[in-house]
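A short worksheet on the structure shown next.
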Number of protein chains: 4
Amino acid sequence: MRRPRTVGRRSLHVATVSRREALLFEAGIKLGGVFHQYLGIPLSRRTSGGLARTIENAVRLQPYVRSVRVRIDPARGGPLGRGRFAYRYLTAEMLDVQVELADGPVSVTARLAHRRDLRYPLMRIVAASGSVGPRRRSSRRRAS
Amino acid sequence: MRRPRTVGRRSLHVATVSRREALLFEAGIKLGGVFHQYLGIPLSRRTSGGLARTIENAVRLQPYVRSVRVRIDPARGGPLGRGRFAYRYLTAEMLDVQVELADGPVSVTARLAHRRDLRYPLMRIVAASGSVGPRRRSSRRRAS
Amino acid sequence: MRRPRTVGRRSLHVATVSRREALLFEAGIKLGGVFHQYLGIPLSRRTSGGLARTIENAVRLQPYVRSVRVRIDPARGGPLGRGRFAYRYLTAEMLDVQVELADGPVSVTARLAHRRDLRYPLMRIVAASGSVGPRRRSSRRRAS
Amino acid sequence: MRRPRTVGRRSLHVATVSRREALLFEAGIKLGGVFHQYLGIPLSRRTSGGLARTIENAVRLQPYVRSVRVRIDPARGGPLGRGRFAYRYLTAEMLDVQVELADGPVSVTARLAHRRDLRYPLMRIVAASGSVGPRRRSSRRRAS
């Protein structure tokens, strides 16, 4: 009797999941994809902004993306080489990506940013609209 | 008073999310990463199994992964070239990846498989342990 | 007594090679790199031009590149999916890249373009200034 | 009257090039491809050997490759993170690739190795059989 939260259109998923859960899965797809697609691209201080815009345009095409912001800081790649070698390749340290996804009234925000202390490109859920799962619904039940 | 479900250790996330939600986010990271990392690798019928094992070993290193199964079907790349060109590059059509993640008692399974009818590499949540969000807890409350 | 053609500055290479040979090696690096870096990036008819410019900007940073031209034809990816799936990922079929490298008076041009008949992303040397190796010099010698 | 050096079968190339030149172009393709394909793959001390073998198997499928040797040194990625983050992603610093190509009696060897002093993944021609261009032939001519 309790309807799945993806009601009103057929869900892509085999498991029954809430809209918020499905969005969090999608947010992970976007960040995992950015990390594994672009590392190694030659860049300089002059080209890094254009590369960031191109990554944003690619992410925006993907399902459920409401907005995305990519920052690339070439200086985080350490000192530059010389002469012919005075440019860099995109590394994990340079990347900072924040993406917001929405499905109707539900939205989530996630971010990829390198954490120097963890020596790790950390991907985190920054915001998720509504409470965890069907809490609000439970409250209504108790209220009745 | 109600503790977040990631209690007992500090959550990575800024938003309050359930273990299941965090796992679904992580599952998306894994599938998005595989799709965007490996396309273009030269392969043949003879080497595709080894490549699949290498992808599995890489995914298994990532957080929360309990198991992973990668299948690569070179034949889905269409007819083969001749002579020196008689090998293929990994394309989206060839990839079938299923990954299971677990965090304590909670687990989720997700899959990447190309859907010919949609002309799309579909990533789906196949299974998620427990009900949506804190349902079970609500039940306990009602039971008490 | 005959000086290697990279005389006048230290060559990067361990083997003695002509400038033209070194440039052909570099041309291969550029085309091999483009093919293996960008496959899988989400694109549409609207964004493919921007992606092509970004690839050009990246290649232009690399040593010896005088000019580069990237064309991406999304239509070569076959029929489009529907709704949320109505965008594509960059595939080998869509890519056409021509790069010209120069080192002083010597220049070479190479091209990557998918050959439907060979089912293969063919990379070819399109032009190389001067004759093969030291032919001209040999001729001059014989002439003297 | 002088036959191009790729005699005996149709050359792939539009420009007239020697076998040695064509091989150097192909060697560049292989090294450029490896650099731009694999960066970002999760690895550990335990899995890096398997990943190296997989890269070798992929390169070996490509035209003209006689042998290839890939070494991955995870320790060159700097200190490791902790706990769930105690693994690495393949970075340019870790990679050392040597490839030998042959076409009949002609062979070339090239290598990709990160140079700390240049802060650059240097790709170099290590060996090339025969002298530069058609020297030997010229000698024979002169000898006759």
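Naming convention: chains lettered A, B, ... in sequence-line order (proteins, then strands); numbering from 1 in each chain.
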Item checked: Residues forming a side-chain contact (heavy atoms from CB on, under 4.5 Å) with C:Ala27, sequence neighbours excluded -> C:Leu101, C:Val108, C:Ala110, D:Phe25
Next item on the list: Using non-hydrogen atoms and a 4.5 Å limit, figure out which bit of B:Leu80 sits close to chain C: side chain, backbone, both or neither.
Entry: backbone
Item checked: Residue part contacting chain B, namely of C:Pro79, when any heavy atom lies under 4.5 Å -> both
Check: Which one of B:Pro121, B:Ala92, B:Ala86 has the most heavy-atom pairs closer than 4.5 Å to chain C?
Finding: B:Pro121
Could you list each donor and acceptor atom pair linking chain C to chain B at less than 3.5 Å?
{"residue": "C:His36", "atom": "ND1", "partner": "B:Gly40", "partner atom": "O", "Å": "3.3"}
{"residue": "C:Gly40", "atom": "O", "partner": "B:His36", "partner atom": "ND1", "Å": "3.3"}
{"residue": "C:Tyr87", "atom": "OH", "partner": "B:Tyr120", "partner atom": "OH", "Å": "2.6"}
{"residue": "C:Tyr120", "atom": "OH", "partner": "B:Tyr87", "partner atom": "OH", "Å": "2.5"}

